[in-house]
Amino acid sequence: MKESTGNPLLIKSLNHISLVCRSVEESIGFYQNVLGFVPIRRPGSFDFDGAWLFGYGMGIHLLQSEDPESMPKKTEINPKDNHISFQCESMGAVEKKLKEMEISYVRSMVEEGGIHVDQLFFHDPDGFMVEICDCDNLPVIPLAGEMARSCSRLNVQMVQHQQQIRVIQQ
């Protein structure tokens with residue numbers, strides 16, 4: 001019997017992403033006022049400028065660039081670029097709010113088996129791309145042939161555990 005572990009590093013969840021910023025203050029305003037993140041206490045032992053924010057079960061750690069003027073400026077919104085994605089309750093409400101805030105965005109749509117997922121892409125003050133979607137409409141179907149689940153309800157640990165059991169039984 002060969003035992004397989006689907007989580008070799010024993011990962012529990014996403015903790016945070018770190019983003020280098022031209023201006024930490026400007027980025028705090030964006031992540032707080034546009035995306036609803038809340039500033040939280042950052043350890044005082046850091047010897048560089050930055051800020052921590054928290055929301056939706058994850059953190060965003062903003063790091064002040066040592067050379068802000070040399071940071072590339074992205075203007076084109078390209079959905080195939082690096083980005084972080086958030087699910088929303090109402091795409092219409094998000095689009096309306098982005099227009100009110102005068103934030104440029106690109107609209108996109110994914111279709112799979114008659115299911116449509118709407119996406120809105122826009123940049124933070126440093127050109128890092130953010131996606132807002134109704135991705136929960138699209139089922140997550142593991143390639144191993146497990147039962148389909150929606151994005152927000154996928155329990156990866158359960159799938160990995162079921163895969164372990166199957167391998168041990170074989």
Side-chain angles (χ1 to χ4, degrees), residues 6-7 9-40 51-63 71-163:
N7 187 0
L9 300 180
L10 305 176
I11 293 172
K12 297 188 312 187
S13 65
L14 174 67
N15 182 270
H16 70 273
I17 61 168
S18 289
L19 301 170
V20 177
C21 310
R22 277 186 203 85
S23 165
V24 168
E25 292 305 315
E26 187 177 355
S27 292
I28 289 170
F30 174 85
Y31 284 97
Q32 188 172 4
N33 301 323
V34 176
L35 294 177
F37 279 78
V38 176
I40 61 171
W52 285 11
L53 298 102
F54 188 81
Y56 319 105
M58 66 169 283
I60 294 182
H61 294 184
L62 303 175
L63 310 172
M71 288 181 65
K73 294 184 185 341
K74 288 188 181 179
T75 53
E76 181 188 348
I77 301 171
N78 178 0
K80 293 186 278 184
D81 202 351
N82 296 327
H83 63 274
I84 185 169
S85 178
F86 297 95
Q87 295 183 137
C88 72
E89 294 179 29
S90 167
M91 291 298 290
V94 170
E95 192 163 14
K96 181 178 182 226
K97 197 70 174 166
L98 290 175
K99 285 178 182 175
E100 286 173 10
M101 292 187 279
E102 299 180 353
I103 294 175
S104 298
Y105 62 90
V106 168
R107 180 181 254 288
S108 188
M109 197 229 350
V110 174
E111 187 272 332
E112 175 67 27
I115 298 170
H116 293 76
V117 170
D118 290 310
Q119 305 164 296
L120 296 173
F121 294 90
F122 53 95
H123 287 148
D124 79 354
D126 298 296
F128 183 75
M129 193 154 46
V130 176
E131 172 190 0
I132 306 290
C133 68
D134 57 3
C135 299
D136 211 19
N137 295 339
L138 196 62
V140 174
I141 304 171
L143 295 177
E146 291 295 329
M147 190 171 72
R149 295 167 173 84
S150 69
C151 289
S152 67
R153 293 178 184 85
L154 178 64
N155 185 334
V156 175
Q157 289 178 333
M158 181 182 277
V159 171
Q160 292 167 340
H161 180 70
Q162 289 170 346
Q163 289 171 341

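Residue indices begin at 1 and follow the sequence shown.
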By ring-ring contact (aromatic ring centres under 6.0 Å, His included) - contacts of [X] (at least two apart):
X	answer
His123	none
Phe37	Tyr56, Phe86
His116	none

[atom1] of [X] to [atom2] of [Y]: how many Å apart, nearest 0.5 Å?
X	Y	atom1	atom2	result
Asn78	Ser108	CG	OG	10.5 Å
Ile17	Phe128	CD1	CZ	4.5 Å
Leu120	Asp134	CG	CG	9.0 Å

Does [X] reach the side chain of [Y], with side-chain heavy atoms less than 4.5 Å apart?
X	Y	value
His16	Ser18	yes
Ile77	Ser104	yes
Ile132	Tyr105	no
Leu62	Tyr31	yes
Glu95	Asp118	no
Ile115	Pro139	yes
Val38	Phe54	no
Met58	Ile84	yes

Looking only at heavy atoms, what is the nearest atom pair of [X] and [Y], with distance?
X	Y	value
Pro79	Met129	CA-CE, 3.9 Å
Pro125	Glu26	CB-OE2, 3.6 Å
Leu138	Glu112	CD1-CB, 3.7 Å
Leu53	Gln32	CD2-N, 4.4 Å
Cys21	Met71	C-SD, 3.7 Å
Cys135	Glu131	SG-OE2, 4.1 Å

Checklist entry - When you look at Lys74 and Asp81, which way does the side chain to side chain contact (heavy atoms under 4.5 Å, CB included) test go after all the steps? => result CA-CA 11 Å; Lys74 288 188 181 179; Asp81 202 351; 2.7 Å; yes

Next on the checklist: Does Glu100 have more than 12 heavy atoms from other residues, nucleotides or ligands lying within 6.0 Å of its CD?
Outcome noted: yes

Next on the checklist: Walk me through whether Asp126 and Ser27 qualify under side-chain hydrogen bond (donor to acceptor under 3.5 Å, both in side chains).
Outcome noted: CA-CA 8 Å; Asp126 298 296; Ser27 292; 3.0 Å; yes

